[in-house]
Amino acid sequence: MRIENEIKLGFGDVMIRPKRSTLKSRSMVDLVREFTFLHTQQKWRGIPIIAANMDTVGTFEMARALAENEMMTAMHKHYTVNEWAEFMQSGGNEMVDHIAVSTGTSKEDSAKLKKIMGAHPELRFICIDVANGYSEHFVNYVKRARENHPDKVIIAGNVVTGEMVEELLLAGADIVKVGIGPGSVCTTRVKTGVGYPQLSAIIECADAAHGLRGQIISDGGCTKPGDVAKAFGGGADFTMLGGMFAGHDESGGELVEKNGEKFKLFYGMSSSTAMNKYVGGVAEYRASEGKTVEVPYRGPVQNTVSDILGGIRSTCTYVGAGQLKELTKRTTFIRVLEQENQVYS
């Protein structure tokens, strides 16, 4: 046993210090980024915000809406081969730069992934997603995925430390997903005691990834546009959002009404709700590591998209970053004890 005494920080522990700026308007800020990926040398251009691969967020409907904004969606892994075929035939093949096929690491997952990618070779992105990216089994799965899909961009995670980011990049990942426990419907930190404050995880993992010419996705912990800006300021190349995209027309989840108000169900993919739905319940050897909540119905997702992008543009004007890629170079974080005046909250 050992103790690390260095302080680790989450989004709520800091604010971004303003700097002199020559920007006259938020409209002058360019949020589009272009990346060249490590193993394929393929290029991607767009706004690097991704809807999480949860069945209450990462839906085909969400993908269509976000693609119009040059943003990405990681589809949840429970879509069938036939559902993928129907989606691709109905226009999904026109947005392949903005969708990722998600998979777990079981034999069944691998077989389904091969069928989907084989039937639709135009698909570019694979998201290999597990709660614990530290296992040798996971690293070996990433290696096999690189061998089986040499021309695809592979996203792999989740981890929170630099050495594991490096190992996954060397194993074949192009992009590593960073975050253990920060999600709004994740209870991993409570059930296991394991986790890492998200901002510090981003800073450390980005440094490791960029040294090998890879990228990272900050996955979880953002509750407002300012958090998204802090993730980018800390060095995240992409930011993945779950709760912020929940509750919309395009989101999954059952629509319910209580006392005349509408809500949509939102739950973690390790929750008992998700496991009852897809695998027949919580196995006796494990615990549920997610919760189920009712999110107020929020209408079309475009309203939320505009709010998020407007907030990030405003952040950039406060620090003089004319492009999103400049934000991390212009960011100085200051430690704080309070974020906002909550007298009317």
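Residue numbers count from 1 along this sequence.
Counting heavy atoms from C-beta on, the side chains of Lys230 and Ile16 come closer than 4.5 Å. Counting heavy atoms from C-beta on, the side chains of Ser218 and Phe11 come closer than 4.5 Å. Annotation: side chain of Leu66 is in contact with side chain of Phe245 (closest heavy-atom distance under 4.5 Å).
For Phe60 and Tyr79, the ring centers sit closer than 6.0 Å to each other.
Judged as a side chain to side chain donor-acceptor pair (under 3.5 Å), the pairs with a partner in residues 30-40 (not counting sequence neighbours) are, in order, Thr36-Lys43.
Under a 4.0 Å N-O distance rule, the pair Asp227/Lys224 qualifies as a salt bridge. Using a 4.0 Å cut-off between charged side-chain N and carboxylate O, Asp174 and Arg146 make a salt bridge.
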Audit row: Glu204, Lys8, salt bridge (charged side-chain N to carboxylate O under 4.0 Å, His left out) steps and yes/no: CA-CA 10 Å; Glu204 295 172 31; Lys8 305 300 181 183; 2.9 Å; yes
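Shortest non-hydrogen contact noted between Val29 and Arg313 is CG2-O, 3.7 Å. In terms of heavy atoms, Cys222 sits closest to Leu241 at CB-CD2, 3.7 Å.
Looking only at distances, no side-chain donor or acceptor of Arg189 sits under 3.5 Å from a matching main-chain atom of Gly195.
Below 30°, between 30° and 60°, or above 60°: for Phe87 and Trp84 the angle between ring planes is above 60°, a perpendicular geometry.
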